[in-house]
Each structure stands twice: as structure tokens, then as C-alpha cells.
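Labels below follow one simple rule: chain letters A, B, ... track the order of the sequence lines, proteins then strands, and each chain is numbered from 1. Note that this is a predicted model, so its numbers are computed, not measured.
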Amino acid sequence: MSPSLAPADLLNRVQRDVERAAQRSRNGLRYAAGTSRPKLGQTPKDVVWRRHKAELWRYRNDDVTVKTPVVIVHSLVSRSYVLDLYPGNSAVAFLLKEGLDVFLLDWGVPDEADAGNTLEHYVDDGIPAAIAAACEAAGTEEVTLLGYCFGGVLSLLSAARHPELPIRNLALMATPVDFTKMETITALVREGRLDPDEIVEPTGNVPPDVIENGFRLLKPTAEISQYANLWENLWNDEFMEGYQAMGQWARDHVPFPGAAFRQTTEELVRNNALMEGTLVLGGEKVDLKAIKRPVLNIMAERDHIVPLAAAEPVVDLVGSKDAEELRLSAGHAGLVAGRKAAKVTLPNIAGWIADHSEKA
Amino acid sequence: MADKPLWRKAFDEVDRRVSGPVEAGAHSDLFGDLVTLNVRLARRAQREVERRSRRLLHLANLPTATDVRRLSEQVASLQREVRELEDRRP
């Protein structure tokens, strides 16, 4: 305590601490009872296309100023609601406010019937069909493809294998290409300690808890620090909303389809095939240089899941003359959620997309 | 930050000292070997329990985990065939 604190300041401080203690007790009870969980993924949307478990959602927007729609491709191992957490913390809502026509390709929750889904299933069938559906729904001839995390890898592969697809721009967020730089998360399978088949469960998929534990191991003490953050900010309603939403997302993974997992492990991780240019899908070599459209590579400097070094080479691998990169001081999820995303990441992404798109 | 409570400053200091070694430990070869061993032992134990309980459950005319698994594999395979037919539909 500062010795020069005036009596009025001291009184204010005591009053503030008492108020916070009361709020802390209230929020603590609500948190323990689980009665204050924010509702996630609430932005109004319509399903415009569906195939098996995959769905393409179009978010309602009466104020579209950018004609070229944005098709967001989500990852295979996490829930897509991280892009639309809750009002005031939603990447989708932000993009809508910027006048974009936003579609989201959600792969659903795989089960035994999806265990045989290969990378080709997503890259050659899912993404091209979703792009066609988006063009039809929006009445446009082209889209901007925006891939997040492993969804970025799928978008990259789809754009490379199908140069005929009506992709006007390709934006990639936290997209790994150099898997040797993802040492920690891939170490067990890359070094041959574990065979992918030992991780795949009888359903034919990698169970979500294995994925969750893999992420946990990257920063083993992070959970304890988060509890300290929780205690420190328990009085703060805004913090609690964000904490609970992100906490729920971080514990809510989906199974990784076994066939795609085996390909990822064998080709992308063990052979580092994207960097070596040796990836073969559907019997053909994938040539990332076939991507000639404008590319934006968005990377998070504090990303512990996809480190900067794993995502950096994208601009050198593609054949685009207009390939830019955007480095932001954020973490993996911080690219799309939280205060920094709303202030820095999303305005930059929306600006780049608008500049490279047809106006309505 | 000047406004941080004393307990938080102390926590951060401990965290700063502890997190590095803990992370290094979790990313070490030894830990990797332990994880591998754990995965293999858990699988082996599961198989053993299933093998030993199978006869007992079958005596009581009850399905075992293996039976349920085979059944769900068959359902999944059927589901895949239906999908293929759906996809072929003009």
C-alpha cells in the first residue's frame, strides 16, 4: 500500500474490495453451480448445404457490402463455435458487421461411419461441394476461402489440387505446413514411439480426450495459471463470460477420423510432405505452387499449438504473386476470440478480404 | 503490474520458476517413453479384462464389449453403404 494514500482514496479502495468480494462470492457460486454458462454459437444462421455430417451454414446479414462471400473452413478436431462464441466475442459477428457474407463449413462430430474419411474426402469432395453451394446461395461466381488451423491445411490442399475452383482469395489462419516445427505435439508419433494405430480406438477414430491431453502437454502448468486468473478475476462478469466460453471450447474436442489421422501422421508429420513437396493425394502429387490466387497467411506470434515457424513458410510454398503475411501478437485461439481479436486480428482480416473482393 | 495482489505476484514468481522445468520434463524422451508404455499397458489390460469377462458374460447370455464393438462396426459399415448409394443418386 502506498504511504501517501489519502483517506478518501483508502475509503474508495476498501469499498471497491468489499464490492468485489461480494461479486466474487456470487460469481463463484454461479460458476460452481454451472448456472451462468454463456450460450455459444448464437448468431442467426441457416443450413444451406449438408452432406453426411458436414454442414455449410450461412449467417444472416441484411447489410452485405462485399459481394464475394467468405467460406470459413474449420478444423477437424475442435468445435467451430470458437468462431462464434457469444455476442460481443464472435469473429463471425464481427465479419458480418464489416459487411461480409459469411459461410462456415462445419464438419460435425465423426463416429465409426466416418472412420474411413481420408484427407481426399475433405479436400476433393467436402470443400469443393461447399464452395459450389456457397456460390449458389450467394449468387456469386467466386468465394474467399478462409481456413482456420487444420481447416487451413485442408483449404490449402483443396486450392492446390483444384485450381479450377472459384476461389478468389485464400486466407489461412494458424495453418501449419512445416510439421517438424510442431515438435512437442507431434513428437510421439513422429519419432516412431507410438504407432498411429495404437492411438486410434476401436471406433476407428482418435478419441477426443487423446487430442485434449496432447494439447494439455504443450503447457502442463497452464491449467493451474488459469485457475489463478479465475480467482483473481472472479468478481469480473465480463472476464467470467469469456473464461467459461473458452474453457468449454478447450475441453470440447471431436474425434479425429482414423484414416485422415493416419495420412496426417505418415505424410504431413513423419515425411513433412508439405515442405518436401512429396504429398500424394488421390494418386497425384500435390503442387502448392498451383495456387496462384491472392493468399494471406495469418500467424499468431504466441501460438503454442501452431508455432510461428510451422506456419511461416506458406507464402514461399504457394505460387501466388500476391502472397502476404500478417503476424499478430496473439495466441492460437486469440486470433479469433477475445479483445485482441476484435481490435487487431479481425479488422485486418476483414480489411484484406474486402480489398481483394468484389463490392456489392 | 503495480495493481496485482501480493498472492498473484508470488504465484507468478513460482509459476515462472516451475513451468520451464515442468514443460521440459513433459517434452523429454523419458516422459514420451512413459506415455507410450502407459498407452500400451492400458490397451493390454483392457484386452485381458475383456478376455476374462467374456466367458462369464456369455454364460449369463450377456453381450461383451467385443460383441457390441462388432455390432457397431456392422452398423457403421451399413451407414457407409447407404451414404455411397445416396452419393450415387442423380
Mind ranking A:D125, A:L218, A:V210 by heavy-atom pairs under 4.5 Å with chain B and telling me who comes out on top?
-> A:L218

Turns out that what part of B:D29 lies under 4.5 Å from chain A's heavy atoms comes down to both

Side chain, backbone, both or neither: which part of B:V35 has an atom under 4.5 Å from a heavy atom of chain A?
-> side chain

Apply side chain to side chain contact (heavy atoms under 4.5 Å, CB included) to the pair A:T221 and B:D15, showing each step before the final yes or no.
-> CA-CA 8 Å; A:T221 57; B:D15 185 49; 3.8 Å; yes

Per-residue contact mode, A:I199 against chain B (heavy atom under 4.5 angstrom) | backbone

A:E301 atom CD, neighbour heavy-atom count above 12 within 6.0 Å | yes

If you take all heavy atoms of A:A113 and B:A76, which pair is closest and at what distance?
-> N-CB, 3.7 Å

Separation of A:R51 CZ from B:D87 CG (nearest 0.5 Å) = 5.5 Å

A:E198/B:R43 ion pair, N-O < 4.0 Å = no

Sorted by number, residues from residues 50-65 of chain B in contact with chain A (heavy atoms, under 4.5 Å) | none

Heavy-atom pair with the smallest gap, counting every atom of B:Q79 and A:D111 = NE2-OD2, 4.4 Å

Just wondering, are more than 12 heavy atoms of other shown residues or ligands nearer than 6.0 Å to CG in B:L85?
-> yes

Can you tell which part of B:E23 gets under 4.5 Å to a heavy atom of chain A, answering side chain, backbone, both or neither?
-> both

So, for A:R193 and B:T36, which heavy atoms are closest and what is the spacing to 0.1 Å?
-> O-CG2, 3.4 Å

For A:R339, look at atom CZ and say whether over 12 heavy atoms of other residues, nucleotides or ligands are found less than 6.0 Å away.
-> no

Salt bridge flag under 4.0 Å for residues A:D114 and B:R83 | yes

Starting from the C-alpha separation in whole Å, work towards a yes-or-no answer on side chain to side chain contact (heavy atoms under 4.5 Å, CB included) for A:W231 and B:R8.
-> CA-CA 10 Å; A:W231 181 249; B:R8 184 66 212 237; over 6 Å; no

Is there a donor-acceptor pair closer than 3.5 Å between any side-chain N or O of B:R80 and the backbone N or O of A:E112?
-> yes

Measure B:V39 against the heavy atoms of chain A and call it side chain, backbone, both or neither at under 4.5 Å.
-> side chain

